[in-house]
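Right, one structure below, let's go through it.
Indexing begins at 1, ligand by ligand and atom by atom, following the structure's order.
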Amino acid sequence: MSVRAFRGAILSVPHDPAQAPEAVRHEPDGMLLVEDGVIVARGAYDELAERHPGIAVETLPGLIVPGFIDAHVHYPQMDRIAAHGEQLLDWLDRHIFPAEMAFADRAHADRVAALFLTELLRNGTTSALVFPTVHNHSVDALFEAALARDMRIASGKVLMDLGPQGLRDTVESARDGSEALIRKWRGRGRLSYAVTPRFALTSSDAQLQVAGDLIAAHPDVLMHTHLAENERECAEVAARFTDAIDYLDVYDRFGLVGARSIFAHGIHLSDRACARMAESGAGIAVCPTSNLFLGSGFFDFARTTAHGVKLGLGTDIGAGTSFSMLHTAGVAYQAALMRGHRLDPFRALYLATAGSAALLHIGDRAGALEVGQEADFVLLDPAATPLLARRTAGATLAETLFALQILGDDRAVARTYIKGQCAWNRDAA
Ligand code: GUN
Ligand code: ZN
């Protein structure tokens with residue numbers, strides 16, 4: 001059995017502060033005891049050290065927080081970040097679909113998957129819900145690379161039978177490919193499968209029904225798609241699905257709205273859709289850097305929170321502009337303020353960790369550094385840059401956390417631990 005002990009300032013937010021005011025857990029001088037990658041004790045250093053005499057303790061200078069959980073990101077798009085000039089539908093046609101076509105080559109998928117996971121670790125992200133491409137082997141490439149790194153990753157072949165030439169599957173290949181991948185990957189390592197229709201516009205009704213059938217047949221899988229991101233997209237959905245009450249209802253009619261459903265964006269949602277989302281237990285991956293980059297709009301934190309919709313945070317690389325969940329949290333604050341809502345830095349940390357974990361149904365294993373959870377954590381450096389060092393000198397915990405979100409990025413991630421093992425060390429890189 002491997003036993004490791006870590007000493008440092010520990011901060012986590014296991015519950016949504018918007019619902020539970022006592023949600024923040026902070027030990028200024030804390031200790032984590034880890035056995036075989038799982039946290040077996042957490043508390044004040046003095047107390048725990050006394051209870052476990054003689055144990056070798058590694059002191060970590062900085063702020064220990066749970067590993068970040070990116071609730072929506074596209075690995076094949078990492079080389080297309082910063083593609084200039086278009087909103088969603090034209091951006092997909094001009095920049096993204098050509099990039100995804102290159103994944104017909106398995107070796108290319110392997111290379112990008114490895115680089116992608118390194119980028120996650122550099123940014124302190126230890127888990128993610130990931131869009132691959134329509135190609136079955138794009139899932140294999142990602143899952144094999146994640147298995148080798150023992151990372152907690154969810155993904156599933158993209159369904160898109162109405163996609164562009166060269167990037168289309170069919171109703172049958174969507175069903176057969178997804179079934180085969182579920183059989184192949186179920187229960188392996190820390191991986192989970194997500195049935196992944198790209199969005200309403202790229203699937204036929206028959207294929208959306210296949211997605212619904214897959215979810216009904218496999219209650220352990222997730223459902224991952226895009227929802228109500230961009231005005232032109234919403235208009236095209238309304239024009240095609242004239243019987244549906246709204247965009248969410250399109251998915252609902254095919255059995256795609258439930259407690260294991262994760263919808264990216266949700267910028268343009270009615271009160272009805274928010275209420276239905278909350279009632280079903282479905283969640284939204286909020287992706288603020290993407291929403292700004294594509295001119296999609298500003299997420300309505302006040303309205304979704306009032307309805308009790310489950311929220312997490314996503315980078316949405318490559319429409320998103322940073323792999324950093326710290327930076328994404330900082331932009332979430334600014335996007336919220338555009339609608340008059342003051343996103344609290346502790347709530348932003350919750351969204352980037354336990355909130356996203358709840359969306360991915362991994363909250364029992366990750367996201368809050370609770371006893372019984374896996375020891376995926378990040379060591380943040382509040383003095384990572386001269387400006388951060390000045391701003392955080394003598395600052396309160398809330399001020400420090402907010403400064404890390406506004407000024408921080410991968411430079412502020414000193415180390416990333418996967419199950420108690422250092423998987424990224426900034427100063428050794
Ligand atoms: N909607 C459908 N496909 C995509 C995609 O790849 N990125 C984003 N941001 N929205 C989408
Ligand atoms: Zn996306």
Closer than 2.8 Å to the Zn ion (ligand 2) - protein N, O or S atoms, ordered by chain and residue number = H72 NE2, H74 NE2, H226 NE2, D316 OD1
Got a sec, which residues hit salt bridge (Lys or Arg N to Asp or Glu O under 4.0 Å) with E229, two or more places apart in sequence or on another chain?
-> none
Whether Q77 lies under 4.0 Å from ligand 1, heavy atom | yes
Check the pair H218, R186 against side-chain hydrogen bond (donor to acceptor under 3.5 Å, both in side chains), reporting the backbone distance first and the verdict last.
-> CA-CA 10 Å; H218 303 286; R186 176 177 274 143; 3.1 Å; yes
Would you tell me whether T315 and D70 have side-chain atoms, one donor and one acceptor, within less than 3.5 Å of each other?
-> yes
re atom 4 (C) of ligand 1, the protein heavy-atom contact at minimum distance is H226 CE1, 3.4 Å
Do R106 and E144 sit within salt-bridge range, that is, some charged N less than 4.0 Å from a carboxylate O?
-> yes
Note: ligand 1 atoms sitting under 4.0 Å from heavy atoms of L92 are 2 (C), 3 (N), 4 (C), 5 (C), 6 (O)
Y350 ring center near H15 ring center (under 6.0 Å) = no
Does ligand 1 have a heavy atom under 4.0 Å from the side chain of T202, from its backbone, from both, or from neither?
-> neither
Determine whether the aromatic ring centres of Y193 and W185 lie less than 6.0 Å apart.
-> no
Within the 6.0 Å centroid threshold, strictly below: F241 and Y247 | no
Report yes if R198 has an N/O atom closer than 3.5 Å to an N/O atom of ligand 1; otherwise report no.
-> yes
Side chain, backbone, both or neither: which part of L201 has a heavy atom under 4.0 Å from ligand 1?
-> neither
Report yes if the distance between the aromatic ring centroids of H72 and H224 is under 6.0 Å, otherwise no.
-> yes
Give a yes or no on whether the ring-centroid distance for H74 and H226 is below 6.0 angstrom.
-> yes
Please determine if E100 and R198 form a salt bridge, counting it only when a charged side-chain N lies under 4.0 Å from a carboxylate O.
-> yes
Check each atom of ligand 1 against the heavy atoms of H74 and keep those under 4.0 Å away; list them by number with element.
-> 5 (C), 6 (O), 7 (N)
If we number the atoms of ligand 1 from 1 as shown, the ones under 4.0 Å from a heavy atom of D316 are 8 (C), 9 (N)
Classify the contact between F293 and ligand 1 as side chain, backbone, both or neither, using a heavy-atom distance cut-off of under 4.0 Å.
-> neither
Check if W91 has a non-hydrogen atom at a distance under 4.0 Å from any atom of ligand 1.
-> yes
Would you say the side-chain atoms of Y251 and R253 include a donor-acceptor pair closer than 3.5 Å?
-> no
Part of E229 with heavy atoms under 4.0 Å of ligand 1, whether side chain, backbone, both or neither | side chain
Ligand-residue contact atoms, ligand 1 with H265, heavy atoms, under 4.0 Å | 9 (N)
Inspect the contact between E35 and R4 and indicate whether a charged nitrogen and a carboxylate oxygen are less than 4.0 angstrom apart.
-> no
